[in-house]
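Below, each value reflects all heavy atoms present in this structure, side chains not excepted, and no hydrogens, waters or symmetry copies. Counting convention: from 1, in listed order, for ligands and their atoms alike.
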Amino acid sequence: MGIEKLTWRFLIHCIWLGVWGVDTSSWTAEVPNSVSGLQGSCIVIPCSFNYPEPKIKPSEFTGIWFKDTYEVIYHPDSSNAITDYRHRTELVGDLRQKNCSLRIDPLHRSDEGPFTFRIEIKNYNKASYKDDRVSIAVSSSPDPPSLSVMEEVNVGEEVSASCSVSHSCPSDPPRITWSHSGTPSIQSQQQTKGQWEETSTMTFRSSIADNNQPLVCTAAYRGGMTVSSSKTLNVKYAPVDVKVKGVSSVKEGDSVELRCSSDSNPAAHSYRWHNSRGRLSTTGPTLTLENVTRLTEALYCTAINTEGQVPSSPLKLNIEYPPEIKVDSACTSDISMVTCLCIVDSEPPSTVEWSLPAGHLPSTRVEMHGSVTMVTLQRALGFSETVHCHANNTQGNATLSFTVPTNDKMFLLYVSIGITAFVVVVIVIPMSACLLTKKCGTSHSDQPVASKQDMDASKSASSDPSTSRKEQKDTSSETHANYYTNDHLYGNMEAEEDGDPYECVGEDDAVYGNI
Ligand SMILES: *[C@@H]1O[C@H](CO)[C@@H](O)[C@H](O)[C@H]1NC(C)=O
Ligand SMILES: *[C@@H]1O[C@H](CO)[C@@H](O)[C@H](O)[C@H]1NC(C)=O
Ligand SMILES: *[C@@H]1O[C@H](CO)[C@@H](O)[C@H](O)[C@H]1NC(C)=O
Ligand SMILES: *[C@@H]1O[C@H](CO)[C@@H](O)[C@H](O)[C@H]1NC(C)=O
């Protein structure tokens, strides 16, 4: 064969290629050298084959897969396949389309291959593609998913996360689940060499509860294997739950340490303290109050971080102090009854009891108004000379003794009333008659002044015995300065005292004293 002939043949070959574009004339198969798959899952080996085009278009194909070159692992008649593979292999490619893709399900540890495809074309030819063999790298556990998420967000911001895994089993891709609620969307994408990528993306609005929590995506593979990846979220938020914390109750005069507690991310870097009069100088999380009194004001704190500043609600300390029996406590009487009232201010509110030297007396009425306890005793006139009011709470006790208006005094009262009646009947009425007839009389301008003075004098003289008291206090730390706070509470008691029968007597005295 001369050089010219060879050149001629080469040229013909080139023209042929130029016409058809690809070399379809050879027995070749296209498979990856190696595909990776997960034990227990499935695998699809991508495969395409070629053969020189026959003159008559072939209609019947038989595709066979071998392990090495002699053990049949797939045959359309499955009884021809070796037992180990008989029910695990399936030709998923369409041979008429020159697609020889093979599926193995489930994949066994030993399915490493190499595997060879063979095609038999009826009324034409047959070939094994021994040069294009494929091996399987079988793994016993999949790689962890690749998780991407913006880890640092401000509270309320949208967080979007995506999680992807690669796999070899397109008919049963891994199921991806999230530790956080949301609506995920799934995308599948084919990669090279028999690998597919499954991606789940999810968005959700970040909340405080998400801070410092792991966001986990889990991929569950066919066959039951699961793998997961996790990232911890850092959600920034301004202080919440800002509270002044400290002891709930404290003794008057003690010092107390209060703490500004809050939850924030990042942690609060400074604090402010306020009471109703304004800002205090402390800027730390703790505040020490020396010598608290019942007048110590409610206070609040403000916690500040990079995200904002938030005040607490005010805290009023519960200051405990021993009972103090108020000066308005007294016994008064009317014609038939004695009424004793004991007014006690203390925190916690006191137990208040009445007693005689002989023993305990049940109270008639008990009223509580915050720290003030008002206890009334009502008895028939003359039941006793003295009564005691005892008050105690956890901080101490106090006792006050009252002198009760007696029958003797009441006798004098009756006598006074009698005399008054006599004076009115015997002197005033005749005098009035005199005035009407003779215009007899004295200097009227002096009378009101004298009358007022006498009245005041007799009032204090006569009211003294009925309200006399001897206080025997066992406690020393009482603060009278705070008494004003309760004034309004026994305002009506003072009104009752205005109706004191002794004052009536005093006025009566003034009437007949002037005459
Ligand atoms: C071959 O068939 C498989 C299974 O049907 C399919 O996934 C793949 O895309 C096909 N390959 C080509 C090159 O068409
Ligand atoms: C506490 O305060 C009271 C009233 O303001 C005062 O009388 C007392 O001396 C103070 N005690 C101390 C230890 O500062
Ligand atoms: C007050 O005294 C009574 C007895 O007098 C006692 O039973 C009670 O427990 C005392 N209360 C307090 C708070 O100390
Ligand atoms: C009253 O208090 C004093 C001490 O403050 C105590 O010694 C006394 O026993 C108390 N009395 C009663 C009846 O509890």
Review point. Are Glu347 and Arg294 close enough for a salt bridge, meaning some N to O gap below 4.0 Å?
Key: no

Q) Are any of the heavy atoms in Ser48 under 4.0 Å away from ligand 1? A) no

(message) Under a 3.5 Å threshold, yes or no: a donor from one side chain and an acceptor from the other, between Trp178 and Ser200?
(response) yes

For the residue pair Ser371 / Asp345, report whether a side-chain donor-acceptor contact shorter than 3.5 Å exists.
yes

query: Is the shortest N/O to N/O distance between Asn99 and ligand 1 below 3.5 Å?
result: yes

Geometric cation-pi criterion, Lys98 with Tyr51: 6.0 Å, 45°: yes

Quiz item: Are any non-hydrogen protein atoms located under 4.0 Å from atom 7 (O) of ligand 1?
Solution: no

Exercise. Specify whether the nearest protein heavy atom to atom 2 (O) of ligand 1 is under 4.0 angstrom away.
Key: yes

Per-atom filter on ligand 1: closer than 4.0 angstrom to a heavy atom of Val92 are 4 (C), 5 (O)

Q) Relative to each other, are the rings of Tyr85 and Phe115 parallel, tilted or perpendicular (30° and 60° limits)? A) perpendicular

